[in-house]
Amino acid sequence: MRVMVIVKANADSEAGKLPSERLLREMGSFNEELVNAGLLVAGEGLKPSAEGVRIRTGSGGPRVIDGPFAETKELIAGFWIWQVKSMDEAVEWAKRIPNLDGEEGEFELRPIFTDEDFAPSDPTGEIREAEGRMRERLEAQQ
């Protein structure tokens, strides 16, 4: 199963404060462990919401809202995508995420839908087949 590990934002990440060299090294080592275990699919840090926008949809059409966004608890500062055997395995790895300074933080782990999850909405399999072809093209482009 694939799991997205969402790194929640905090005041420092929203202020654009970069991690210390020591933490960057520890995170690099942790990421290397994930790679060596065959778990890491992707992972990136995100710039502060001041550099982002939101697109809000509704009956009036799309509306662009410039950052920064006030509610830090609603924001993310980064993510990983892990390929794991179970949510329990993902939790065990998440417990090992470096926190050298003992700062308050939060990570949210969410399973990613699989093609099979959409079977009830796609009884013929046609939509899932088209999705599979698109994913193959994306992989070939990378």
Side-chain angles (χ1 to χ4, degrees), residues 1-20 23-142:
M1 77 184 293
R2 288 182 305 149
V3 173
M4 177 178 246
V5 180
I6 301 166
V7 180
K8 297 291 191 151
N10 60 29
D12 285 345
S13 65
E14 274 300 288
K17 182 179 175 187
L18 296 175
S20 68
L23 181 55
L24 283 176
R25 288 184 192 283
E26 287 295 318
M27 290 302 281
S29 294
F30 179 71
N31 286 335
E32 191 168 341
E33 287 183 57
L34 291 169
V35 168
N36 292 340
L39 303 180
L40 186 62
V41 175
E44 302 292 340
L46 302 175
K47 291 189 176 186
S49 68
E51 297 187 41
V53 298
R54 288 183 177 168
I55 309 297
R56 183 156 294 150
T57 60
S59 60
R63 189 170 56 123
V64 177
I65 303 163
D66 293 322
F69 308 116
E71 290 295 322
T72 303
K73 66 183 180 183
E74 296 177 5
L75 301 175
I76 65 173
F79 69 92
W80 284 283
I81 305 285
W82 294 346
Q83 180 70 45
V84 293
K85 294 181 182 93
S86 66
M87 187 59 91
D88 289 340
E89 180 183 22
V91 167
E92 288 307 311
W93 277 95
K95 288 178 180 179
R96 297 176 52 197
I97 295 171
N99 182 7
L100 302 175
D101 301 323
E103 291 183 18
E104 292 293 319
E106 185 174 3
F107 303 95
E108 181 178 338
L109 284 65
R110 303 265 303 272
I112 296 174
F113 278 110
T114 66
D115 290 343
E116 293 77 31
D117 292 324
F118 293 105
S121 298
D122 180 25
T124 65
E126 180 181 338
I127 298 168
R128 286 174 285 148
E129 287 176 17
E131 179 77 15
R133 288 190 300 272
M134 180 185 64
R135 286 184 187 186
E136 287 174 5
R137 287 190 359 242
L138 284 171
E139 287 178 16
Q141 289 174 359
Q142 296 175 359

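All values derive from a computational prediction rather than experimental measurement.
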For Phe69, all residues meeting ring-ring contact (aromatic ring centres under 6.0 Å, His included), sequence neighbours excluded: none

What heavy-atom pair brings [X] and [Y] nearest, and what distance separates the two atoms?
X     : Y     : result
Pro68 : Ser49 : CA-OG, 3.6 Å
Leu40 : Asn31 : CD2-O, 4.2 Å
Pro48 : Ser13 : CG-O, 3.5 Å
Val7  : Phe79 : CG2-N, 4.2 Å

In Å, rounded to the nearest 0.5 Å, how long is the span from [atom1] of [X] to [atom2] of [Y]?
X     : Y     : atom1 : atom2 : result
Met1  : Met87 : CE    : CE    : 4.5 Å
Arg96 : Glu26 : CZ    : CD    : 11.5 Å
Leu39 : Arg2  : CG    : CZ    : 14.0 Å
Leu75 : Leu46 : CG    : CG    : 10.0 Å
Leu34 : Met27 : CG    : CE    : 9.0 Å
Lys17 : Asn10 : NZ    : CG    : 9.0 Å

For Glu92, which residues count as a salt bridge (charged side-chain N to carboxylate O under 4.0 Å, His left out) partner, sequence neighbours excluded?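 Glu92 satisfies salt bridge (charged side-chain N to carboxylate O under 4.0 Å, His left out) with Lys95 once adjacent residues are dropped.
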
Less than 4.5 Å apart, side chain to side chain, heavy atoms only: is that true for [X] and [Y]?
X      : Y     : value
Ile65  : Arg56 : yes
Ile112 : Ile81 : yes
Arg63  : Ile55 : no

With a 4.0 Å cut-off on N to O distance, would you call Glu139 and Arg137 a salt bridge? no

Over 12 non-hydrogen atoms of neighbours within 6.0 angstrom of CD in Glu104: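 No, because the 6.0 Å sphere around CD of Glu104 holds 12 heavy atoms or fewer from other groups.
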
Is it the case that more than 12 heavy atoms not belonging to Glu32 sit under 6.0 Å from its CD atom? no

Anything under 30° is parallel, anything over 60° is perpendicular, the rest tilted; go ahead and classify Trp80 against Phe30. perpendicular

Counting N and O atoms only, with roles assigned by atom type, does the side chain of Ser29 sit under 3.5 Å from a partner on the main chain of Arg25, one being a donor and the other an acceptor?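 Pair found, side chain donor or acceptor close to backbone of Arg25.
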
Check residues 124-135 and write down every donor-acceptor pair under 3.5 Å in which the side-chain atom is one partner and the other belongs to a residue at least two apart or another chain.
{"residue": "Thr124", "atom": "OG1", "partner": "Glu126", "partner atom": "N", "Å": "3.3"}
{"residue": "Arg128", "atom": "NE", "partner": "Asp122", "partner atom": "OD2", "Å": "3.1"}
{"residue": "Arg128", "atom": "NH2", "partner": "Asp122", "partner atom": "O", "Å": "2.8"}
{"residue": "Glu131", "atom": "OE2", "partner": "Arg135", "partner atom": "NE", "Å": "3.4"}

